[in-house]
Amino acid sequence: MNRLINVDQESVNRCYDFAKQLYDQSAASEKQFGRSFKRIENDYIADHVRGKVVEFAYKSFFEKNYGFSFEVDLNIYPDQLQTDDSNDLATIILDGKELHNNTKVDIKGVSEKGQWLLIEKYKFNADIYLVGRVNSISDSKNFEKDPFSYKNNAWIVEVIGFASRKAIVDSYNRPYFSFTQGSKLYSKWIYKDLEKKYREGNDAEYFSKVLEESIAKKKIAHPDWNIFIGAELYNALNYGIPLLWLRNTNTDWERLVQYIKGGVVVKE
């Protein structure tokens with residue numbers, strides 16, 4: 001199954017038009033995007049374009065592989081949080097019928113070098129998170145400074161997997177990984193050998209202790225290695241999962257699609 005999806009130039013440009021109009025109309029509050037200060041225009045537009053292009057990629061992915069589609073919402077609303085009940089797959093098109101999807105799905109885009117899926121705590125309300133890697137953007141910092149230099153081109157997006165809510169928090173809603181404002185993300189070598197322990201049980205508190213013990217041992221073994229990657233995080237509190245731990249086998253996708261189709265009803 002091909003996981004590299006070409007998003008044509010027309011669709012990419014529609015995402016730019018949407019993001020620019022959204023910014024100009026100030027339809028989204030500063031709080032929604034996790035900054036205590038007003039985001040500069042290019043940074044804001046880059047974030048929205050990346051997310052919408054990945055939605056178009058997933059639309060194509062489901063059409064080609066699983067026989068259903070969904071609407072990519074490019075409408076502008078006074079309150080973006082109330083557009084689709086935080087569900088990027090709110091309306092599914094199956095066998096020519098428009099159906100309401102009761103499974104909340106949030107589609108996320110990450111940069112070519114991204115290693116983590118992050119969700120701000122106050123936005124953590126979906127059942128499923130779909131993740132796409134934007135391979136057409138090799139330099140995310142340059143993209144955020146000058147997003148319009150990437151316009152008028154087709155983009156390549158890689159479908160890299162999904163995570164359910166229960167993969168991010170345990171049954172007590174405790175996150176397996178959480179990052180506060182000013183903290184940094186863990187390097188791959190810190191967590192790459194902990195997936196088995198992570199999947200063994202449904203206990204974030206237990207896994208947190210496993211992670212702490214593992215970090216302590218690795219710091220002794222490799223005192224010169226970097227524990228963290230990237231810049232300090234802006235948002236007050238983020239939940240996360242390593243991209244390496246996303247579900248992405250053909251069987252995983254088949255089960256997810258059946259789960260989603262089982263939650264659709266005819267729109268009233």
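Every heavy atom of this structure was used, including side-chain atoms; hydrogens, water molecules and symmetry mates were not.
- In this structure, the side chains of His48 and Lys20 stay at 4.5 Å or more apart for every pair of heavy atoms.
- Cluster membership check: Ile168 does not share its hydrophobic cluster with Leu256, using side-chain heavy-atom separations under 4.5 Å among Ile, Leu, Val, Met, Phe, Trp and Tyr.
- Counting only distance, with no hydrogens or angles, the side chain of Arg133 and the backbone of Glu112 share a donor-acceptor pair below 3.5 Å.
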Check residues 154-165 and write down every donor-acceptor pair under 3.5 Å in which the side-chain atom is one partner and the other belongs to a residue at least two apart or another chain.
from   : atom 1 : to     : atom 2 : distance (Å)
Trp155 : NE1    : Tyr150 : O      : 3.1
Ser164 : OG     : Ala167 : N      : 3.4
Arg165 : NH1    : Phe124 : O      : 3.3
Arg165 : NH2    : Asn173 : OD1    : 3.4

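- Put simply, the side chain of Gln181 never gets that close to the backbone of Asn235: no donor and acceptor are under 3.5 Å apart.
- Asn87 places a side-chain N or O within donor-acceptor distance of the main-chain N or O of Val105, the cut-off being under 3.5 Å.
- At least one donor-acceptor pair under 3.5 Å links the side chain of Ser149 to the backbone N or O of Asp146.
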_Criterion side chain to side chain contact (heavy atoms under 4.5 Å, CB included) on Asp47 and Glu144, from CA distance to verdict_ = CA-CA 8 Å; Asp47 210 34; Glu144 290 164 3; over 6 Å; no

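- Under the 3.5 Å distance criterion, the side-chain polar atoms of Asn102 are matched with a main-chain donor or acceptor of Gly263.
- In this structure, the separation between OG on Ser208 and CG on Asp203 is 10.0 Å, given to the nearest 0.5 Å.
- In summary, Glu55 and Lys52 engage in a salt bridge, as defined by a charged side-chain N under 4.0 Å from a carboxylate O.
- No side-chain donor-acceptor contact under 3.5 Å links Thr103 and Asp127.
- A distance of 8.0 Å separates CD in Gln21 from CG in Asp24, rounded to the nearest 0.5 Å.
- Just one residue in the list Phe228, Trp245, Tyr191, Tyr239 forms a ring-ring contact (aromatic ring centres under 6.0 Å, His included) with Trp116, and that residue is Tyr191.
- Under a 3.5 Å cut-off, the side chain of Asn238 and the backbone N or O of Leu118 do not form any donor-acceptor pair.
- Side-chain contact between Asn42 and Phe148 is present, with at least one heavy-atom pair separated by less than 4.5 Å.
- When every heavy atom of Gly109 is checked against every heavy atom of Val54, the shortest pair comes out as CA-CG2, 3.7 Å.
- The shortest distance between side-chain heavy atoms of Glu200 and Tyr206 falls below 4.5 Å.
- Note on Asp88 versus Lys108: no salt bridge recorded, every NZ/NE/NH1/NH2 to OD/OE distance being 4.0 Å or above.
- Checking side-chain atoms of Asp95 against main-chain N and O of Lys97 turns up no donor-acceptor pair under 3.5 Å.
- Between atom CD1 of residue Ile119 and atom CD1 of residue Ile241 there is a gap of 8.5 Å, rounded to the nearest 0.5 Å.
- Between Glu195 and the options Lys192, Arg199, Lys197, a salt bridge (Lys or Arg N to Asp or Glu O under 4.0 Å) holds for only Arg199.
- Of the possible donor and acceptor atoms, one in the side chain of Asn202 sits under 3.5 Å from a partner among the backbone N and O of Ser171.
- Panel note: side chain Lys218, backbone Ile190; a donor-acceptor pair is recorded below 3.5 Å.
- Between Val53 and Val134, the closest side-chain pair of non-hydrogen atoms is not below 4.5 Å.
- Tyr129 is not connected to Ile92 by any chain of hydrophobic side-chain contacts under 4.5 Å among Ile, Leu, Val, Met, Phe, Trp and Tyr, and they are in different clusters.
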*Go through Leu89 and Ile107 one step at a time and tell me if the side chain to side chain contact (heavy atoms under 4.5 Å, CB included) criterion holds.*
CA-CA 9 Å; Leu89 267 67; Ile107 299 176; 3.7 Å; yes

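- Phe143 and Arg50 make their closest contact through CD2-NH1, 4.1 Å (heavy atoms, listed as atom of the first residue, atom of the second, distance).
- The closest side-chain heavy-atom distance from Val49 to Pro147 is not below 4.5 Å.
- Summarising the geometry of Lys151 relative to Asp17, their closest heavy-atom pair is NZ-OD1, 3.7 Å, with the distance given to 0.1 Å.
- The cluster map of Ile, Leu, Val, Met, Phe, Trp and Tyr, joined by side-chain heavy atoms under 4.5 Å apart, puts Val110 and Ile128 in different clusters.
- Side-chain atoms of Arg3 come within 3.5 Å of backbone atoms of Asn248 as a donor-acceptor pair (strictly under, hydrogens ignored).
- Two different hydrophobic clusters hold Leu130 and Leu244 under the rule that ILVMFWY side chains link at heavy-atom gaps under 4.5 Å.
- Between Asp252 and Arg255, no side-chain nitrogen of the basic residue sits less than 4.0 Å from a carboxylate oxygen of the acidic one, so the salt-bridge criterion is not met.
- The minimum heavy-atom distance between Ile229 and Lys184, with the atom names listed, is O-CB, 3.8 Å.
- There is a side-chain donor-acceptor pair under 3.5 Å between Asn152 and Asn13.
- Between Leu194 and Phe207, the shortest heavy-atom distance links the atoms O-CE1, 3.9 Å.
- Glu63 and Ser69 are linked by a side-chain donor-acceptor pair at a separation below 3.5 angstrom, with hydrogens and angles left out of the test.
- The distance from the CE atom of Met1 to the OG1 atom of Thr249 is 8.0 Å, given to the nearest 0.5 Å.
- The distance from the CD1 atom of Ile215 to the CH2 atom of Trp189 is 8.5 Å, given to the nearest 0.5 Å.
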_Test side chain to side chain donor-acceptor pair (under 3.5 Å) on Asn226 and Ser187; report intermediate values, then the result._
CA-CA 7 Å; Asn226 291 324; Ser187 297; over 6 Å; no

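- Among Leu94, Val264, Leu99, the single residue meeting the side chain to side chain contact (heavy atoms under 4.5 Å, CB included) criterion with Phe68 is Leu94.
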*Between Glu205 and Tyr172, is a side chain to side chain contact (heavy atoms under 4.5 Å, CB included) present by the stated rule, with each step listed?*
CA-CA 10 Å; Glu205 186 174 344; Tyr172 296 98; over 6 Å; no

*Trp253 and Asn65: side chain to side chain contact (heavy atoms under 4.5 Å, CB included), yes or no, with the steps?*
CA-CA 10 Å; Trp253 282 109; Asn65 295 294; over 6 Å; no

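- Taking the six-membered ring where tryptophan is involved, the planes of Tyr58 and Phe62 are tilted, since the angle between them lies from 30° to 60°.
- Considering CD1 of Ile137 and OG of Ser111, their distance stands at 8.5 Å, rounded to 0.5 Å.
- A continuous path of Ile, Leu, Val, Met, Phe, Trp and Tyr side chains, each step under 4.5 Å between heavy atoms, connects Leu74 with Ile76, placing both in one hydrophobic cluster.
- In plain terms, the two heavy atoms of Lys261 and Tyr66 that are nearest each other are NZ-O, 3.4 Å.
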